[in-house]
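The structure appears below as C-alpha coordinates.
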Number of protein chains: 2
Amino acid sequence: MSLRHALLGLLAQGPASGYDLMKLFEISLANVWPATQSQVYAELGRLAEAGLIKVSAEGPRGRKEYAIEEGGLAELRHWVTEVEPTAIRRSDMLLRVFFLGQVHREQARAFMRRRAEASGELHERLKSLQDIVARGDDDLSVYGRIAMEWGLRFSAMQREWAEWAENEIARGQEGRISS
Amino acid sequence: MSLRHALLGLLAQGPASGYDLMKLFEISLANVWPATQSQVYAELGRLAEAGLIKVSAEGPRGRKEYAIEEGGLAELRHWVTEVEPTAIRRSDMLLRVFFLGQVHREQARAFMRRRAEASGELHERLKSLQDIVARGDDDLSVYGRIAMEWGLRFSAMQREWAEWAENEIARGQEGRISS
DNA sequence: ACGGACATGTAATCGGTTACATGATTAC
DNA sequence: GTAATCATGTAACCGATTACATGTCCGT
(Lines give C-alpha, C1' and ligand atoms only; values in the text may rest on other atoms or scores of the structure.)
Protein backbone atom coordinates (compact mmCIF):
# COMPACT_ATOMS: atom_id res chain seq x y z
CA MET A 1 0.00 0.00 0.00
CA SER A 2 2.69 2.47 -1.00
CA LEU A 3 0.67 4.80 -3.19
CA ARG A 4 -0.75 6.06 0.07
CA HIS A 5 2.74 6.91 1.31
CA ALA A 6 3.79 8.40 -2.00
CA LEU A 7 0.87 10.83 -1.70
CA LEU A 8 1.65 11.60 1.92
CA GLY A 9 5.26 12.23 0.95
CA LEU A 10 4.33 14.69 -1.75
CA LEU A 11 1.78 16.44 0.45
CA ALA A 12 4.44 16.75 3.14
CA GLN A 13 6.24 19.22 0.87
CA GLY A 14 3.11 21.38 0.73
CA PRO A 15 -0.62 21.38 -0.09
CA ALA A 16 -1.72 20.24 -3.53
CA SER A 17 -4.77 19.13 -5.49
CA GLY A 18 -5.24 15.71 -7.07
CA TYR A 19 -4.42 17.31 -10.37
CA ASP A 20 -1.20 18.82 -9.00
CA LEU A 21 -0.21 15.50 -7.49
CA MET A 22 -0.66 13.74 -10.80
CA LYS A 23 1.78 16.14 -12.41
CA LEU A 24 4.21 15.71 -9.54
CA PHE A 25 4.07 11.95 -10.02
CA GLU A 26 4.83 12.29 -13.68
CA ILE A 27 7.91 14.41 -13.19
CA SER A 28 9.37 13.10 -9.95
CA LEU A 29 8.13 9.63 -9.02
CA ALA A 30 7.31 8.23 -12.45
CA ASN A 31 10.35 5.96 -12.35
CA VAL A 32 9.97 4.59 -8.86
CA TRP A 33 6.22 4.55 -8.30
CA PRO A 34 3.98 5.31 -11.29
CA ALA A 35 0.34 6.07 -10.52
CA THR A 36 -2.78 6.62 -12.55
CA GLN A 37 -5.28 9.40 -12.22
CA SER A 38 -8.14 7.21 -11.00
CA GLN A 39 -5.90 5.73 -8.38
CA VAL A 40 -4.78 9.12 -7.06
CA TYR A 41 -8.28 10.53 -6.65
CA ALA A 42 -9.56 7.38 -4.99
CA GLU A 43 -6.68 7.24 -2.54
CA LEU A 44 -7.00 10.95 -1.67
CA GLY A 45 -10.59 10.24 -0.71
CA ARG A 46 -9.55 7.37 1.52
CA LEU A 47 -6.72 9.38 3.12
CA ALA A 48 -9.09 12.23 3.91
CA GLU A 49 -11.63 9.85 5.38
CA ALA A 50 -8.90 8.34 7.53
CA GLY A 51 -8.00 11.82 8.75
CA LEU A 52 -4.40 11.65 7.53
CA ILE A 53 -4.99 14.60 5.19
CA LYS A 54 -7.74 17.21 4.89
CA VAL A 55 -9.20 19.51 2.28
CA SER A 56 -7.40 22.77 3.02
CA ALA A 57 -8.94 24.93 0.29
CA GLU A 58 -11.40 24.80 -2.56
CA GLY A 59 -10.86 26.54 -5.86
CA PRO A 60 -12.44 26.95 -9.29
CA ARG A 61 -13.67 23.91 -11.23
CA GLY A 62 -14.31 22.03 -8.02
CA ARG A 63 -10.62 22.04 -7.22
CA LYS A 64 -9.88 20.58 -3.80
CA GLU A 65 -6.53 21.33 -2.27
CA TYR A 66 -5.35 18.82 0.29
CA ALA A 67 -2.96 19.41 3.19
CA ILE A 68 -1.28 16.77 5.31
CA GLU A 69 -2.36 16.37 8.94
CA GLU A 70 -0.21 15.50 11.94
CA GLY A 71 -1.39 11.90 11.77
CA GLY A 72 -0.36 11.74 8.13
CA LEU A 73 3.12 13.05 8.86
CA ALA A 74 3.49 10.54 11.67
CA GLU A 75 2.39 7.70 9.40
CA LEU A 76 4.82 8.83 6.71
CA ARG A 77 7.78 8.98 9.09
CA HIS A 78 6.88 5.62 10.57
CA TRP A 79 6.71 4.05 7.12
CA VAL A 80 10.01 5.57 6.01
CA THR A 81 12.08 4.61 9.03
CA GLU A 82 10.41 1.60 10.59
CA VAL A 83 8.83 -0.44 7.83
CA GLU A 84 11.28 -2.71 6.07
CA PRO A 85 11.22 -2.24 2.27
CA THR A 86 9.98 -5.16 0.20
CA ALA A 87 12.76 -7.67 -0.36
CA ILE A 88 11.62 -9.82 -3.27
CA ARG A 89 11.14 -8.10 -6.59
CA ARG A 90 9.42 -9.59 -9.57
CA SER A 91 11.45 -9.41 -12.76
CA ASP A 92 9.95 -10.64 -15.99
CA MET A 93 13.39 -10.02 -17.52
CA LEU A 94 15.10 -12.55 -15.24
CA LEU A 95 12.17 -14.90 -15.69
CA ARG A 96 12.94 -14.91 -19.40
CA VAL A 97 16.61 -15.65 -18.64
CA PHE A 98 15.53 -18.84 -16.87
CA PHE A 99 13.81 -20.03 -20.01
CA LEU A 100 16.43 -19.03 -22.53
CA GLY A 101 17.19 -22.71 -22.94
CA GLN A 102 14.00 -22.94 -24.98
CA VAL A 103 15.33 -20.84 -27.85
CA HIS A 104 18.33 -21.05 -30.15
CA ARG A 105 21.59 -20.02 -28.62
CA GLU A 106 21.92 -17.19 -31.09
CA GLN A 107 18.53 -15.88 -30.01
CA ALA A 108 19.62 -16.07 -26.40
CA ARG A 109 22.68 -14.00 -27.25
CA ALA A 110 20.52 -11.49 -29.10
CA PHE A 111 18.35 -11.22 -26.00
CA MET A 112 21.37 -10.32 -23.91
CA ARG A 113 22.67 -7.93 -26.52
CA ARG A 114 19.32 -6.15 -26.49
CA ARG A 115 19.38 -6.00 -22.69
CA ALA A 116 22.81 -4.39 -22.77
CA GLU A 117 21.57 -1.90 -25.31
CA ALA A 118 18.43 -1.02 -23.36
CA SER A 119 20.41 -0.59 -20.15
CA GLY A 120 22.85 1.67 -21.96
CA GLU A 121 20.00 3.78 -23.25
CA LEU A 122 18.48 4.02 -19.78
CA HIS A 123 21.85 5.07 -18.42
CA GLU A 124 22.17 7.86 -20.97
CA ARG A 125 18.61 9.00 -20.38
CA LEU A 126 19.24 9.25 -16.66
CA LYS A 127 22.49 11.09 -17.20
CA SER A 128 20.79 13.79 -19.23
CA LEU A 129 18.00 13.96 -16.67
CA GLN A 130 20.61 14.47 -13.99
CA ASP A 131 21.96 17.58 -15.70
CA ILE A 132 18.50 19.13 -15.66
CA VAL A 133 17.71 18.31 -12.03
CA ALA A 134 18.53 20.99 -9.47
CA ARG A 135 22.02 20.76 -8.00
CA GLY A 136 21.26 22.61 -4.77
CA ASP A 137 21.90 21.41 -1.24
CA ASP A 138 18.28 21.43 -0.14
CA ASP A 139 16.69 18.15 1.05
CA LEU A 140 14.96 17.30 -2.17
CA SER A 141 18.10 17.83 -4.19
CA VAL A 142 20.25 15.77 -1.84
CA TYR A 143 17.87 12.83 -1.73
CA GLY A 144 16.83 13.15 -5.36
CA ARG A 145 20.52 12.92 -6.26
CA ILE A 146 20.88 9.81 -4.14
CA ALA A 147 17.96 8.10 -5.89
CA MET A 148 19.37 9.19 -9.23
CA GLU A 149 22.73 7.70 -8.35
CA TRP A 150 21.01 4.37 -7.72
CA GLY A 151 19.57 4.47 -11.21
CA LEU A 152 22.93 5.27 -12.74
CA ARG A 153 24.68 2.47 -10.88
CA PHE A 154 21.87 0.04 -11.60
CA SER A 155 21.81 0.68 -15.34
CA ALA A 156 25.59 0.48 -15.53
CA MET A 157 25.60 -2.80 -13.61
CA GLN A 158 22.91 -4.30 -15.77
CA ARG A 159 24.66 -3.33 -18.97
CA GLU A 160 27.91 -4.92 -17.82
CA TRP A 161 26.08 -8.04 -16.70
CA ALA A 162 24.30 -8.42 -20.04
CA GLU A 163 27.56 -8.08 -21.93
CA TRP A 164 29.20 -10.63 -19.69
CA ALA A 165 26.22 -12.96 -20.16
CA GLU A 166 26.27 -12.68 -23.93
CA ASN A 167 29.85 -13.79 -23.80
CA GLU A 168 29.11 -16.57 -21.37
CA ILE A 169 26.47 -17.99 -23.71
CA ALA A 170 28.89 -17.85 -26.63
CA ARG A 171 31.31 -20.02 -24.66
CA GLY A 172 28.79 -22.87 -24.89
CA GLN A 173 29.04 -22.66 -28.69
CA GLU A 174 26.37 -22.53 -31.37
CA GLY A 175 23.48 -24.88 -32.16
CA ARG A 176 20.08 -25.64 -30.75
CA ILE A 177 19.31 -25.94 -27.09
CA SER A 178 16.90 -28.66 -26.06
CA SER A 179 13.91 -30.04 -27.98
CA MET B 1 0.53 -11.78 -17.39
CA SER B 2 3.85 -13.49 -16.66
CA LEU B 3 2.67 -16.20 -14.30
CA ARG B 4 1.29 -17.82 -17.41
CA HIS B 5 4.74 -17.82 -18.99
CA ALA B 6 6.44 -18.95 -15.83
CA LEU B 7 4.19 -22.01 -15.84
CA LEU B 8 4.77 -22.64 -19.53
CA GLY B 9 8.51 -22.36 -18.92
CA LEU B 10 8.46 -24.93 -16.16
CA LEU B 11 6.22 -27.29 -18.10
CA ALA B 12 8.59 -26.97 -21.05
CA GLN B 13 11.14 -28.90 -18.97
CA GLY B 14 8.66 -31.74 -18.55
CA PRO B 15 5.13 -32.63 -17.36
CA ALA B 16 4.13 -31.74 -13.82
CA SER B 17 1.09 -31.33 -11.58
CA GLY B 18 -0.01 -28.12 -9.93
CA TYR B 19 1.47 -29.41 -6.72
CA ASP B 20 4.81 -30.13 -8.41
CA LEU B 21 4.83 -26.71 -9.98
CA MET B 22 4.28 -25.03 -6.64
CA LYS B 23 7.36 -26.75 -5.28
CA LEU B 24 9.33 -25.80 -8.37
CA PHE B 25 8.34 -22.19 -7.88
CA GLU B 26 9.53 -22.26 -4.31
CA ILE B 27 12.95 -23.59 -5.12
CA SER B 28 13.74 -22.03 -8.48
CA LEU B 29 11.61 -18.97 -9.27
CA ALA B 30 10.82 -17.75 -5.77
CA ASN B 31 13.21 -14.82 -6.16
CA VAL B 32 12.15 -13.65 -9.60
CA TRP B 33 8.46 -14.51 -9.76
CA PRO B 34 6.78 -15.73 -6.57
CA ALA B 35 3.38 -17.35 -6.99
CA THR B 36 0.70 -18.60 -4.66
CA GLN B 37 -1.07 -21.92 -4.78
CA SER B 38 -4.48 -20.52 -5.68
CA GLN B 39 -2.94 -18.59 -8.51
CA VAL B 40 -1.17 -21.62 -9.94
CA TYR B 41 -4.24 -23.85 -10.01
CA ALA B 42 -6.40 -21.13 -11.51
CA GLU B 43 -3.88 -20.35 -14.23
CA LEU B 44 -3.39 -24.03 -15.10
CA GLY B 45 -7.12 -24.23 -15.69
CA ARG B 46 -7.02 -21.23 -18.01
CA LEU B 47 -3.96 -22.53 -19.88
CA ALA B 48 -5.64 -25.88 -20.45
CA GLU B 49 -8.81 -24.20 -21.64
CA ALA B 50 -6.75 -22.12 -24.06
CA GLY B 51 -5.16 -25.31 -25.36
CA LEU B 52 -1.61 -24.25 -24.50
CA ILE B 53 -1.23 -27.19 -22.14
CA LYS B 54 -3.22 -30.38 -21.59
CA VAL B 55 -3.82 -32.92 -18.87
CA SER B 56 -1.38 -35.67 -19.79
CA ALA B 57 -2.07 -38.08 -16.94
CA GLU B 58 -4.22 -38.51 -13.87
CA GLY B 59 -2.96 -40.00 -10.65
CA PRO B 60 -4.04 -40.70 -7.08
CA ARG B 61 -5.77 -38.02 -5.00
CA GLY B 62 -7.15 -36.36 -8.11
CA ARG B 63 -3.67 -35.52 -9.28
CA LYS B 64 -3.63 -34.01 -12.74
CA GLU B 65 -0.38 -33.97 -14.61
CA TYR B 66 -0.09 -31.28 -17.26
CA ALA B 67 2.07 -31.34 -20.37
CA ILE B 68 2.86 -28.42 -22.63
CA GLU B 69 1.36 -28.36 -26.15
CA GLU B 70 2.93 -27.05 -29.34
CA GLY B 71 0.95 -23.82 -29.03
CA GLY B 72 2.25 -23.37 -25.52
CA LEU B 73 5.85 -23.80 -26.60
CA ALA B 74 5.32 -21.33 -29.41
CA GLU B 75 3.80 -18.80 -27.02
CA LEU B 76 6.68 -19.27 -24.59
CA ARG B 77 9.33 -18.73 -27.25
CA HIS B 78 7.52 -15.72 -28.62
CA TRP B 79 7.30 -14.18 -25.16
CA VAL B 80 10.96 -14.82 -24.39
CA THR B 81 12.42 -13.44 -27.59
CA GLU B 82 9.93 -10.95 -28.95
CA VAL B 83 8.17 -9.30 -26.03
CA GLU B 84 10.18 -6.49 -24.50
CA PRO B 85 10.61 -6.90 -20.73
CA THR B 86 8.90 -4.33 -18.50
CA ALA B 87 11.03 -1.22 -18.20
CA ILE B 88 9.72 0.63 -15.15
CA ARG B 89 10.02 -1.11 -11.82
CA ARG B 90 8.33 -0.02 -8.66
CA SER B 91 10.63 0.33 -5.69
CA ASP B 92 9.21 1.19 -2.31
CA MET B 93 12.82 1.42 -1.14
CA LEU B 94 13.64 4.28 -3.53
CA LEU B 95 10.28 5.86 -2.76
CA ARG B 96 11.40 6.08 0.86
CA VAL B 97 14.66 7.68 -0.24
CA PHE B 98 12.70 10.51 -1.85
CA PHE B 99 11.04 11.28 1.46
CA LEU B 100 14.08 10.96 3.69
CA GLY B 101 13.95 14.74 4.08
CA GLN B 102 11.01 14.18 6.42
CA VAL B 103 13.10 12.52 9.12
CA HIS B 104 16.17 13.48 11.11
CA ARG B 105 19.41 13.27 9.25
CA GLU B 106 20.68 10.62 11.65
CA GLN B 107 17.61 8.51 10.87
CA ALA B 108 18.26 8.91 7.17
CA ARG B 109 21.81 7.67 7.68
CA ALA B 110 20.51 4.73 9.70
CA PHE B 111 18.17 3.91 6.84
CA MET B 112 21.10 3.73 4.44
CA ARG B 113 23.20 1.75 6.89
CA ARG B 114 20.39 -0.78 7.16
CA ARG B 115 20.11 -0.95 3.37
CA ALA B 116 23.83 -1.66 3.07
CA GLU B 117 23.49 -4.35 5.70
CA ALA B 118 20.48 -5.99 4.06
CA SER B 119 22.17 -5.97 0.66
CA GLY B 120 25.26 -7.53 2.19
CA GLU B 121 23.16 -10.26 3.74
CA LEU B 122 21.41 -10.91 0.45
CA HIS B 123 24.77 -11.13 -1.26
CA GLU B 124 26.01 -13.73 1.21
CA ARG B 125 22.79 -15.69 0.98
CA LEU B 126 23.07 -15.84 -2.79
CA LYS B 127 26.71 -16.83 -2.61
CA SER B 128 25.96 -19.83 -0.46
CA LEU B 129 23.02 -20.71 -2.70
CA GLN B 130 25.38 -20.59 -5.64
CA ASP B 131 27.59 -23.25 -4.15
CA ILE B 132 24.63 -25.61 -3.85
CA VAL B 133 23.30 -25.03 -7.37
CA ALA B 134 24.46 -27.47 -10.02
CA ARG B 135 27.64 -26.45 -11.77
CA GLY B 136 27.05 -28.43 -14.97
CA ASP B 137 27.04 -27.13 -18.51
CA ASP B 138 23.44 -28.07 -19.25
CA ASP B 139 20.96 -25.31 -20.22
CA LEU B 140 19.42 -24.87 -16.83
CA SER B 141 22.79 -24.58 -15.15
CA VAL B 142 24.11 -22.10 -17.70
CA TYR B 143 21.08 -19.83 -17.54
CA GLY B 144 20.53 -20.36 -13.84
CA ARG B 145 24.11 -19.21 -13.30
CA ILE B 146 23.50 -16.14 -15.42
CA ALA B 147 20.44 -15.18 -13.37
CA MET B 148 22.41 -15.84 -10.19
CA GLU B 149 25.19 -13.60 -11.40
CA TRP B 150 22.65 -10.80 -11.82
CA GLY B 151 21.65 -11.20 -8.19
CA LEU B 152 25.25 -11.14 -7.02
CA ARG B 153 26.05 -8.03 -9.01
CA PHE B 154 22.83 -6.33 -7.98
CA SER B 155 23.32 -6.92 -4.28
CA ALA B 156 26.95 -5.80 -4.47
CA MET B 157 25.96 -2.65 -6.35
CA GLN B 158 23.22 -1.83 -3.89
CA ARG B 159 25.47 -2.29 -0.91
CA GLU B 160 28.11 0.02 -2.36
CA TRP B 161 25.48 2.58 -3.23
CA ALA B 162 23.99 2.56 0.26
CA GLU B 163 27.42 3.04 1.80
CA TRP B 164 28.15 5.91 -0.54
CA ALA B 165 24.76 7.44 0.26
CA GLU B 166 25.24 7.22 4.00
CA ASN B 167 28.42 9.18 3.54
CA GLU B 168 26.78 11.67 1.23
CA ILE B 169 24.12 12.42 3.85
CA ALA B 170 26.77 12.90 6.51
CA ARG B 171 28.38 15.58 4.36
CA GLY B 172 25.28 17.74 4.85
CA GLN B 173 25.91 17.63 8.61
CA GLU B 174 23.63 16.85 11.54
CA GLY B 175 20.34 18.42 12.70
CA ARG B 176 16.75 18.32 11.67
CA ILE B 177 15.56 18.39 8.09
CA SER B 178 12.43 20.38 7.30
CA SER B 179 9.36 20.95 9.48
C1' DA C 1 -4.46 -45.93 13.68
C1' DC C 2 -2.65 -41.82 12.59
C1' DG C 3 0.18 -38.04 11.08
C1' DG C 4 2.35 -35.89 7.35
C1' DA C 5 2.61 -35.09 2.82
C1' DC C 6 -0.03 -34.99 -1.31
C1' DA C 7 -3.49 -32.70 -3.87
C1' DT C 8 -7.08 -29.53 -5.52
C1' DG C 9 -10.04 -26.10 -5.33
C1' DT C 10 -13.23 -21.61 -3.87
C1' DA C 11 -14.18 -16.91 -1.96
C1' DA C 12 -13.15 -12.39 -0.41
C1' DT C 13 -10.36 -8.64 -0.83
C1' DC C 14 -6.93 -5.45 -2.63
C1' DG C 15 -4.12 -2.62 -5.51
C1' DG C 16 -3.53 -1.32 -10.17
C1' DT C 17 -4.87 -0.46 -15.19
C1' DT C 18 -7.86 1.05 -18.85
C1' DA C 19 -11.67 3.29 -20.45
C1' DC C 20 -15.45 6.13 -19.97
C1' DA C 21 -17.76 10.41 -18.63
C1' DT C 22 -18.38 15.16 -17.58
C1' DG C 23 -17.75 19.80 -17.02
C1' DA C 24 -15.48 24.63 -15.83
C1' DT C 25 -12.11 28.16 -16.67
C1' DT C 26 -8.65 30.66 -18.98
C1' DA C 27 -5.79 32.43 -22.63
C1' DC C 28 -5.85 33.75 -27.17
C1' DG D 1 -15.60 31.64 -30.01
C1' DT D 2 -12.90 28.01 -29.15
C1' DA D 3 -9.14 25.18 -27.94
C1' DA D 4 -6.15 23.86 -24.32
C1' DT D 5 -5.80 23.02 -19.82
C1' DC D 6 -7.70 22.35 -15.47
C1' DA D 7 -10.29 19.28 -12.67
C1' DT D 8 -12.84 15.37 -10.72
C1' DG D 9 -14.88 11.30 -10.72
C1' DT D 10 -17.00 6.17 -11.95
C1' DA D 11 -16.97 1.35 -13.75
C1' DA D 12 -15.12 -2.86 -15.47
C1' DC D 13 -11.54 -5.80 -15.32
C1' DC D 14 -7.23 -8.18 -14.01
C1' DG D 15 -3.60 -10.23 -11.41
C1' DA D 16 -2.12 -11.21 -6.80
C1' DT D 17 -2.79 -12.21 -1.75
C1' DT D 18 -4.99 -14.40 2.14
C1' DA D 19 -7.96 -17.45 4.10
C1' DC D 20 -10.97 -21.08 3.98
C1' DA D 21 -12.36 -25.75 2.81
C1' DT D 22 -11.91 -30.50 1.68
C1' DG D 23 -10.30 -34.86 0.96
C1' DT D 24 -6.78 -38.87 -0.17
C1' DC D 25 -2.85 -41.66 0.09
C1' DC D 26 1.35 -43.55 2.12
C1' DG D 27 4.61 -44.84 5.59
C1' DT D 28 5.25 -46.31 10.13
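Below, read A as the first sequence line, B as the second, and so on, with proteins coming before strands; counting in each chain starts at 1. Every value quoted in this text rests on a predicted model; they were computed, and no experiment measured them.
- Between A116(A) and A162(A) the shortest heavy-atom distance is N-CB, 3.6 Å.
- Atom CG of L44(A) and atom P of dG15(C) are 15 Å apart (whole Å).
- W164(A) and F98(A) fall within a single hydrophobic cluster, where Ile, Leu, Val, Met, Phe, Trp and Tyr are joined by side-chain heavy atoms under 4.5 Å apart, directly or via other members.
- Following rounding to the nearest Å, I88(B) (CD1) and dG16(C) (P) show an atom-to-atom distance of 12 Å.
- Taking atom CE of M1(A) as the reference point, atom P of dG15(C) lies 5 Å away to the nearest angstrom.
- Pairs engaging residues 44-91 of chain B under the ring pair (Phe, Tyr, Trp, His ring centres under 6.0 Å) rule: H5(B)-W79(B) [sequence neighbours left out].
- Per the geometry, CZ belonging to F25(A) stands 14 Å off P belonging to dG15(C), to the nearest Å.
- A straight line from CZ of R46(B) to P of dT10(C) spans 11 Å, rounded to a whole angstrom.
- Applying the ring pair (Phe, Tyr, Trp, His ring centres under 6.0 Å) test to every pair with at least one member in residues 25-48 of chain A, sequence neighbours left out, gives no pairs at all.
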Q: Starting at the 5' end of nucleotides 5-12 of chain D, put B wherever the base has a protein heavy atom under 4.0 Å, S where only the sugar-phosphate does, and a dash everywhere else.
A: BBBBBBB-

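- Checking D131(B) against S128(B) by side-chain atom types alone, no donor-acceptor pair falls below 3.5 Å.
- L73(A) has its side chain within reach of R77(A): a pair of non-hydrogen atoms, C-beta onward, lies under 4.5 Å apart.
- If you measure from atom CG of D92(A) to atom C1' of dA16(D), you get 15 Å, rounded to the nearest angstrom.
- Residues of residues 47-59 of chain B having a heavy atom closer than 4.0 Å to DNA chain C: none are found.
- No side-chain heavy atom of L8(B) sits less than 4.5 Å from a side-chain heavy atom of L11(B).
- E43(B) is linked by a side chain to side chain contact (heavy atoms under 4.5 Å, CB included) to L3(B), R4(B), L7(B), R46(B), L47(B), counting only residues two or more places apart in sequence or in another chain.
- Within the 4.5 Å cutoff, the side chain of W161(A) has no heavy atoms near those of the E168(A) side chain.
- Side-chain atoms of Q37(A) and V40(A), non-hydrogen and from C-beta on, never get closer than 4.5 Å to each other.
- Between the CG atom of L21(B) and the C1' atom of dT8(C) there is a distance of 13 Å, given to the nearest Å.
- Atom P of nucleotide dT10(C) and atom CD of E43(B) are separated by 14 Å, given to the nearest angstrom.
- A heavy-atom distance below 4.0 Å to DNA chain C is reached by none of the residues of residues 4-12 of chain A.
- Minimum interatomic distance between I146(B) and A165(A) (heavy atoms only, all atoms of both residues): CG2-CB, 3.8 Å.
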